[in-house]
Every structure is written in C-alpha cells, then in structure tokens.
Amino acid sequence: MTESSLHLRTAAAVLLLLLCSHWAGAQVDSSAVTVGFSGSTADFQVSADSLDAPVEYRSRDSIIAEVGSQRIHLYGEAQVDYLDISLKADHIVLDYGTNLVVAEPWPDSSGTLVGDPQFSDGGQEFTAKGIKYNFKSRKGIVTDTKTTQDDVYVLGGKSKFVSGAVQTNDSTRSDVIYTEGAIFTSCSLDHPHFGIRTQRAKVVPNKLAIIGPSNLEIMGVPTPFWLPFGFFPLKSGRSTGLLFPSDYQYSQQWGFGFQGVGWFFPIGEHVNLQATADIYLNGTFTINTATSYRRRYKYSGNFDFSYRHLIQKTSIAQGYQDIVDRGISLGWRHRQDQRAHPTFNFGGSINFQTNLADQRFLNSYESVSTNVIRSSMNITKNFPNLRSTLTAGLNHSQNNQTREISVSFPDARFQTQTLYPLRQLPGRLNAWYKKLSVRYTSQLKTEFSGTDTTFFTQQTYDDARYGFQHTANTALSLNVLRYFNVSPNATYSEVYYGKTLEYFLDTTTIRTVDVVNEEGQTVVDTTSFAQIASRLNPGLASFRTFSAGVSVSTQLFGKVQLPGRGIFGLKGLRHVMKPSVSVSYSPDYQNARDYISGLPYFIRENMIDPERGNPERFVTPFAGQIFSAPSQGDLSFRASYNISNLFEAKVWNRKDSTDQNIKLFQNISVNGSYDLGADTLNWSTINVGGSTRLFKGLTQVNLRATLDPYVTRFDERTGGVRRINTTVLSERGAPFQLNRFNGTLSTQVTVAKIRQLFQGEEEEFVTDIAEERRQRREEENTLFEETDILSLFEKFSIRHTLNYSLDREVSDIPGARDTLRFNTTANSLELRGALQLTENWSVNIGQIGYDFTSKRITYPYLSFARDLHCWEMRFSWAPQRNTYQFSISVKPGTFDFLEVPINQNRYDGQQLFGN
C-alpha cells in the first residue's frame with residue numbers, strides 16, 4: 001500500500017468516526033507517518049452514549065481503517081490506552097461499532113508469531129495468546145493466559161475476566177479472572193516442570209487465587225495427590241499467611257514428623273513475626289519464633305526463641321525407658337544506625353541456651369564446636385562537653401563444657417578521655433607542665449553465676465556478687481636530652497564490695513583413704529579433721545590501692561650495608577632496638593584494714609586454725625570478687641625492663657631491578673624485673689618472645705620462652721616446685737636455665753594465595769583487618785571463571801595449626817637431673833571450600849580435618865547440590881554424628897513445601913552405631 005492510498009483511507013476513516021454515535025472518532029497524525037501512527041478520540045465531538053474518556057492508540061507499522069465494517073487495524077507494536085487500561089500486541093483490531101478490541105500476535109517476516117498481547121489495568125498485568133475486550137462492559141475473553149504474581153506463575157486455558165469487579169479499598173478496584181484448565185507453578189518455562197492443575201479457578205491479581213478440585217502434576221504427568229480446594233495468596237509484599245512445612249521426616253525414635261509448619265504475622269509497618277513448630281508423633285517437638293524489625297535510618301534487629309522438648313528412648317533391663325530433655329535457646333541482635341543519633345548508641349547481641357539445646361538438635365559445625373557462648377548488649381552515651389563516655393548494659397558468658405553461666409548485669413562504666421588540665425595556663429605551647437594528663441574511670445558491676453540447670457534459682461541470687469570501683473591516674477611525658485622519653489605516672493584506686501568472705505574452721509570435714517592393715521588387706525580409713533572454709537557475708541567493705549612509677553625509653557638504630565648488589569641479593573640489614581626501663585612503687589598491704597568495716601586486707605591461716613594453719617600463708621576477705629583483691633606481699637619497689645627488636649633486610653629484586661625491604665622478625669622482646677625491696681629472689685624470670693611471617697604471609701610464627709636465673713627444687717613439704725635463692729650461674733655455670741619454651745605455627749592458605757606465591761606477586765601486608773575480612777567474604781561469594789584445573793579450587797582454604805612446648809620437669813629425687821620434655825599441645829589440619837563442578841553441580845566441604853594430637857578426624861561435614869531449574873537436589877552428611885539429609889524439593893518460595901526428604905537425625909544414628 002502506497003503512502004497516498006494510506007492517506008485517502010485514513011481520511012475516510014476520520015470522516016466516518018465523526019458521524020458515528022457509538023465511537024467518539026479518531027485521527028491519524030500525517031506528519032508522523034515515517035516513524036509511526038497514532039490517534040485519539042479526544043479531538044472529535046462525542047455522542048452521549050460514548051465512552052467516558054478518550055481512547056489513545058498507536059502502532060509502529062501501519063493503521064488500516066475499514067469503513068464498511070467499522071474497524072481499525074493496528075500493526076506492529078500496537079498499543080491502545082483507555083483510562084488505566086493499556087493493551088499491547090502486534091495486531092490489534094478496534095471495532096468502534098461494538099466497543100470491542102481484539103488483540104493477537106502477528107507473524108513476522110519469517111512467519112513466526114510475535115508480540116503476544118499484554119493487558120494492564122492499574123498495575124495488574126497478564127499476558128495471553130489472544131484477548132477480546134469490551135471497553136463499555138469492561139469484560140473480556142482471553143486464551144492461554146500467563147499471570148505472574150511474585151514467584152507464582154498462573155497459566156490458564158480459556159478465561160473470562162472482568163475489569164474492576166472487586167473493591168480492593170476505598171480508592172481502587174481489582175480485576176477478576178475466571179479460568180479453566182489452569183496450572184499454578186513457580187517454574188518459569190512455558191511447559192513447567194511441575195504445578196498444581198485445576199479445572200476451575202478464580203484469580204484476583206495481586207490478591208488471591210481460589211481453586212477447585214486439583215492435583216499435583218510433575219513433568220506433565222498427573223500424580224495421585226489431590227486437593228479438594230485451595231487458595232494461594234498472590235499479594236505482593238508482607239501479608240499474614242500459613243507457612244507450609246519445610247521438611248518431612250521419619251525417625252525410628254521420634255516417628256513421623258514435619259518441620260517448619262506455622263504462621264507468618266506482619267505486625268505494623270516495621271515488624272515481622274514468624275511462629276513455627278517441629279512436631280513428631282512420639283511427643284518430641286520444638287517451638288520456634290523469629291521476629292525481625294527495621295526502621296530506616298534508625299535501627300534494625302531480630303529476636304529468635306526456641307523451646308525444645310526431646311523424648312529419647314533408652315534401653316534398660318526391662319525394655320525401653322523414655323528420657324525427656326528440655327532446653328531453650330534465645331538470641332537477640334540489635335543494631336542502631338549511625339545516623340540515628342550522634343552521641344547515643346544502643347546495640348549488641350544476646351545469645352543464651354540451657355541444657356545444650358543447640359548442640360543436641362543442630363548439626364552445623366559452628367553449633368557443635370562452639371564451647372563458649374557470649375553476649376553483650378550495651379547503651380553508650382557520649383558527653384562531648386565533659387569529654388567522657390558512659391556505657392551500661394549486660395554481659396554474659398556460658399561454657400558448654402562445664403555448663404557454667406556467668407551474667408554481669410547491671411554492668412556500667414564511666415570514663416573520661418585523656419584530659420590535660422594545665423594546658424590552658426600561660427606559657428609556651430610545649431611547656432612540660434602542659435603535658436600533664438589525668439584520666440578517671442569508674443565501674444559498677446553485679447555478677448550472677450551458676451550452672452544452666454540451677455541458674456534460675458534462689459541460690460544464684462544469694463551467691464550474687466556486686467561491687468564498685470573507681471580509678472584515677474595521672475601521667476606526664478617529658479623529652480630529656482633529645483633521645484630519651486621520661487614518663488612519671490601515679491594511680492589511685494578504691495574498690496567497694498557488698499559481700500565479703502568470712503573464714504571459719506569447719507570441723508565436720510571427713511577424709512576417706514585406703515590403707516593396708518597388718519594382714520596385707522586394703523581397708524578404708526575414715527578420719528574427721530578440721531578445715532578452713534569460707535562463706536559469703538553481706539555488708540559493705542572496701543580497700544584502697546596506690547602505685548607510682550617512672551619509665552624511661554629510647555630507640556637505637558643499627559645498619560649494615562653491602563656494596564653493589566650484595567651477597568646473593570642481600571644488600572643490607574637493619575636493626576631497630578627500643579629499650580625501656582621503669583621503676584614502680586606500691587605500699588605494704590599485709591597489715592592494712594578497711595576503715596568502713598574494720599576488716600583486715602589479709603588474715604594469716606594460723607589465726608583461723610591455730611593447730612594446722614601456716615603462719616606464712618594469708619587469706620583475704622576479698623578473694624574471688626569481681627575486681628579481685630589487693631596484691632599480697634610486702635612493700636614493692638620494683639625495677640622492670642623491656643627490650644623490643646625489629647630486624648629487616650634489604651634484598652635485590654631481579655624481576656623489576658629494585659630494592660625490597662623484608663621483615664625478618666617483626667618483634668623480638670625481652671622483659672623482666674628486679675625487686676629492689678626484697679631480701680631474696682630479687683630477679684624475676686626472663687620472658688623472651690618473637691613473631692614473624694613466612695611464605696609471603698601464609699604462615700604466622702610465634703615463639704615464647706621463659707628463662708630463670710634461679711634454681712628450682714622439689715619441696716617435699718608442699719609437694720610442689722619452688723625457686724630457691726641460688727643462682728644458676730653459681731651452681732651450673734650458665735646465666736639462666738630454660739623453664740619453658742612454646743611455639744605456634746599457624747598457616748592458612750588458599751589456591752589464590754598459592755598462585756600468587758608461585759607467580760611471584762608482591763606480598764600484601766594486612767593493615768585493615770575489617771577490610772581484609774570483607775574482601776575475603778567477597779572472594780568466597782564470587783563464582784570464578786574456570787581457566788585451568790586450579791580455578792575449580794579457588795574457594796578452597798587449608799588451615800594448619802601447630803602448638804608445641806618444651807617444659808622443664810624438676811625431679812623429686814634429690815641430686816637427680818632435671819629433664820626437658822617436648823609436648824605437642826595442638827596439631828590439626830582443616831580443609832574448607834566449595835567446588836563448582838558445573839553450572840548446576842556444586843560440592844561444599846563445610847569442615848573436614850584431622851587432629852594429629854588426639855589422632856581423630858575433626859567433625860567432617862560434607863554436602864553437594866544439583867540445580868534442577870525450578871527444583872534442587874541436596875545431600876549433606878556429618879559422619880561423626882551419624883546424620884545425613886537428602887532432599888529433592890522446589891526452590892525456596894511459595895511451593896517449597898513440595899519436597900521428598902530422606903534423613904537420619906543424630907539420635908537414630910547413635911542407636912544404630914551404638915555411640
């Protein structure tokens with residue numbers, strides 16, 4: 001069709017629309033023929049029974065008006081808009097005589113149908129193979145519809161829909177689609193792998209889908225699983241609804257059960273609550289609640305609570321007996337946004353459990369291997385004008401091995417920044433008195449302790465300890481003779497307790513020992529004797545301590561340079577030594593008394609037990625308290641020394657012909673002290689330590705040694721080893737003896753690090769630990785492109801830890817030589833990583849290792865996963881706990897309750913293998 005004929009036919013269509021009472025008219029913009037065609041009924045006079053608003057239409061290829069049949073054909077990316085209704089397709093027919101619009105795909109140059117109709121009404125959308133819609137009655141017929149609501153795809157056969165049939169709220173109405181032969185699925189394929197097939201369904205887009213009798217269909221094959229009726233919430237966003245079970249299980253001990261069934265509750269605008277349960281037929285169950293909350297630019301957090309009721313069958317002589325284990329676990333994590341308040345912050349985490357609830361039920365490596373659970377929830381308030389900070393909150397520690405719980409609440413701390421009270425005085429800016437600094441700290445603390453089974457009892461409250469401490473210290477930094485830093489300091493502290501120990505002689509103690517009588521038979525000898533015991537007494541008591549000192553430090557530099565390129569690339573050595581000497585003083589507290597309660601700081605044992613008490617031993621009423629007790633001993637006048645050393649080497653780098661500095665030893669320190677006020681044993685032990693990094697940072701080496709200038713002997717009276725006032729130099733001719741030497745080698749290597757090592761890349765020293773951890777997490781979450789065999793193992797890491805010691809064992813036989821015994825305290829190898837075999841196959845090694853000390857494998861945990869498009873297959877195995885889990889399930893979403901699980905819990909595994 002030529003351009004002139006097109007204009008003639010378009011003009012005839014416009015004239016006819018002006019005379020038609022059922023349609024308002026149409027117009028084609030002739031100036032836009034080269035780029036497209038458009039029109040609107042708003043340019044013409046309309047009749048009384050026409051539509052309430054103009055109809056806008058346009059197309060890319062052409063518009064053809066049929067005068068006789070009162071139709072307009074739109075070809076190529078056609079679109080018709082009426083109020084909030086929009087219809088798009090490659091071929092649209094407007095029947096202005098009947099107010100009908102028909103949309104369908106149209107063949108392209110290759111004969112393929114393209115441009116499926118898309119219908120939109122106020123944000124509610126669906127696609128179909130064919131649409132017939134009446135603008136006047138707002139009803140239509142569609143074929144092969146496809147509607148998407150969140151992760152749910154609704155594929156229907158022939159459907160009828162009514163626009164705006166349901167009142168959603170005061171201002172909006174929703175469409176209703178009545179369909180037959182529909183399938184509901186989360187698979188995005190045109191022929192989905194699975195779905196729920198129904199013959200009749202009513203769909204309210206973005207709201208709800210109600211279905212009649214239906215059954216599960218997999219790969220197009222109906223299954224015997226039928227539903228008499230059902231409904232699917234299609235509302236986007238948060239809405240109250242049922243949570244289908246996440247897993248179905250069978251246990252030999254617990255029977256049939258299902259996990260994760262419950263309900264979801266959106267509470268207000270900022271809070272979500274999820275309540276679920278795990279239920280088994282024998283009575284074992286778990287109740288879980290998970291609450292999350294968030295306010296943008298203010299705070300966010302979550303709260304989790306679980307109650308676990310476990311019934312375990314144990315074999316006895318008469319058969320089986322049920323043993324009931326109960327436990328709770330809770331966690332609260334709160335984070336305040338930094339932009340919420342400039343001087344106030346509240347946040348932290350609380351983790352608590354009883355009766356090893358998580359270790360008994362969960363199989364993750366973190367849950368099984370965690371020995372100590374800690375909590376810290378604090379409020380921090382900064383006072384900029386006072387240059388001080390107040391912190392108050394709760395701190396908790398729980399040992400899963402000893403079952404001991406310790407809770408500090410309230411735990412408040414007030415401290416000032418370093419203040420310079422004389423800085424405002426007149427004088428030079430660098431005057432010595434302006435460097436005088438003062439700092440004050442006070443702390444209030446209450447501590448409750450007990451086992452996890454008796455913690456919530458009256459005894460825990462009775463044994464609670466509480467106290468208050470405040471400390472003030474002052475210091476001054478002076479530069480003397482240009483090269484020496486002299487720093488005098490003084491500290492004063494006061495401690496107040498609400499309870500102290502009262503010591504008494506317990507005469508009810510019974511000692512039982514095995515002795516051999518005259519006939520050579522072993523008999524039990526029971527003897528009653530008195531013993532010093534203690535009990536907590538309420539009452540305010542306090543003690544005060546004071547110390548003062550001065551320290552002198554400087555730095556010495558040494559350098560050795562070799563000419564040219566040096567020897568084997570070594571061009572020089574550099575040594576930095578930082579010696580420091582300090583003298584400290586503290587008074588004698590042995591005869592001191594508290595002026596509030598009158599209690600002595602220390603009590604000799606013979607004052608409590610005149611017959612067996614040791615007059616050289618002391619006990620204190622402040623023992624075992626929160627802020628400890630005053631230091632025992634005579635007047636202390638001690639000189640201490642410390643020497644730190646750094647060794648570096650300069651080597652010639654052949655690759656880029658430059659010099660490179662290498663740290664041979666990052667720190668080698670030597671420290672000890674000399675007691676100026678003691679009559680004997682003036683010298684303390686000498687502590688030597690050092691650390692370095694090898695293989696471009698892959699291995700960290702830490703070495704520590706304890707040297708003693710005095711001889712040690714076995715004391716028969718006490719049954720222990722003690723130092724005597726005889727030097728090693730005078731007895732053995734050596735300046736000191738080695739008492740203990742220990743070392744730690746820790747290596748963590750990844751394939752990427754190995755690649756860098758062999759490719760000769762520059763060593764990267766970690767200066768920002770948080771940034772290093774962030775980069776490590778980012779690398780772990782990155783899918784590496786496979787370029788060689790090593791690329792498959794990019795996410796694997798190997799960690800090796802070796803702790804060893806060399807200890808001196810003093811012989812209990814007089815005159816016998818001491819022995820040095822080598823001990824390996826820890827030697828373990830761990831492997832973790834993920835292996836992406838193909839795009840759909842992945843293997844994960846959560847943890848596998850070997851402890852060479854105990855000669856056993858350390859909690860292996862393996863898993864693999866297979867991506868099946870809309871399904872996924874998973875298998876995990878923890879052989880040490882005899883547990884495994886296998887499942888083929890729909891990916892997480894609306895239909896993730898469709899699952900085929902096979903598993904074994906740790907209690908069935910224990911029964912099977914007898915562990």
Side-chain angles (χ1 to χ4, degrees), residues 356 358-359 362-374 399-401 691-704 742-758 763-764 766 769-770 772-784 789-805 822-837 842-865 874-885 906 909 915:
L356 301 179
D358 289 346
Q359 287 190 334
L362 305 181
N363 286 324
S364 65
Y365 174 75
E366 290 75 14
S367 300
V368 175
S369 62
T370 300
N371 292 325
V372 180
I373 301 174
R374 302 186 186 276
N399 193 306
N400 288 335
Q401 292 183 339
S691 63
T692 187
R693 298 170 64 189
L694 305 175
F695 310 114
K696 294 189 175 182
L698 296 181
T699 300
Q700 179 76 26
V701 181
N702 294 296
L703 303 175
R704 295 289 183 270
N742 56 24
T744 300
L745 279 78
S746 178
T747 302
Q748 183 169 0
V749 59
T750 62
V751 173
K753 291 286 187 181
I754 295 176
R755 194 192 300 272
Q756 292 177 5
L757 181 65
F758 284 98
E763 179 179 2
E764 297 182 1
V766 178
I769 297 178
E772 171 73 7
R773 291 176 177 173
R774 186 195 64 80
Q775 293 180 359
R776 188 179 301 172
R777 289 194 302 267
E778 192 174 272
E779 291 174 359
E780 291 176 353
N781 295 328
T782 302
L783 181 62
F784 290 90
I789 188 62
L790 289 179
S791 299
L792 290 173
F793 301 91
E794 287 283 355
K795 291 185 179 181
F796 273 82
S797 64
I798 302 174
R799 176 181 297 177
H800 176 250
T801 302
L802 174 62
N803 296 336
Y804 58 90
S805 64
F822 182 85
N823 299 309
T824 301
T825 57
N827 187 10
S828 62
L829 184 68
E830 296 180 1
L831 174 65
R832 293 186 180 186
L835 181 62
Q836 193 73 32
L837 297 177
S842 63
V843 177
N844 181 60
I845 300 177
Q847 161 73 20
I848 187 171
Y850 186 78
D851 191 333
F852 296 94
T853 305
S854 59
K855 297 181 180 180
R856 63 183 181 89
I857 298 176
T858 57
Y859 195 73
Y861 189 81
L862 312 173
S863 66
F864 70 82
R874 291 188 173 274
F875 175 79
S876 61
W877 180 38
Q880 197 172 68
R881 289 168 71 93
N882 302 325
T883 65
Y884 61 84
Q885 291 181 336
R906 64 182 297 255
N915 292 332

Going from [atom1] on [X] to [atom2] on [Y], what distance comes out if it is rounded to the nearest 0.5 angstrom?
{"X": "Gln700", "Y": "Thr801", "atom1": "CD", "atom2": "OG1", "result": "11.5 Å"}
{"X": "Arg693", "Y": "Thr747", "atom1": "CZ", "atom2": "OG1", "result": "11.5 Å"}
{"X": "Arg799", "Y": "Leu831", "atom1": "CZ", "atom2": "CG", "result": "11.5 Å"}
{"X": "Tyr804", "Y": "Phe822", "atom1": "OH", "atom2": "CZ", "result": "7.0 Å"}
{"X": "Gln748", "Y": "Leu698", "atom1": "CD", "atom2": "CG", "result": "10.0 Å"}
{"X": "Gln885", "Y": "Ser876", "atom1": "CD", "atom2": "OG", "result": "4.5 Å"}

Practice item. Decide whether Thr744 and Asn803 meet the rule of one side-chain donor and one side-chain acceptor closer than 3.5 Å. Key: yes
Shortest non-hydrogen separation from [X] to [Y] and the atoms involved:
{"X": "Gly743", "Y": "Leu703", "answer": "CA-CD2, 4.0 Å"}
{"X": "Asn371", "Y": "Gln401", "answer": "OD1-NE2, 3.4 Å"}
{"X": "Ser805", "Y": "Thr825", "answer": "OG-CG2, 4.3 Å"}

Review point. Which of parallel (below 30°), tilted (30 to 60°) and perpendicular (above 60°) describes Tyr850 and Phe852?
Key: perpendicular
Heavy-atom distance under 4.5 Å between the side chains of [X] and [Y], does that happen here?
{"X": "His800", "Y": "Asn827", "result": "yes"}
{"X": "Thr824", "Y": "Leu802", "result": "yes"}
{"X": "Asn844", "Y": "Tyr861", "result": "no"}

Review point. Around Ile857, counting heavy atoms of other residues, nucleotides and ligands shown, do more than 12 lie under 6.0 Å from its CD1?
Key: no
Practice item. Could you please spell out the steps behind the side-chain contact (heavy atoms from CB on, under 4.5 Å) verdict for Asn400 and Ile373? Key: CA-CA 8 Å; Asn400 288 335; Ile373 301 174; 3.7 Å; yes
Exercise for review: Test Ser863 against Arg874 for side-chain contact (heavy atoms from CB on, under 4.5 Å), laying out the working first.
Suggested key: CA-CA 7 Å; Ser863 66; Arg874 291 188 173 274; 6.0 Å; no
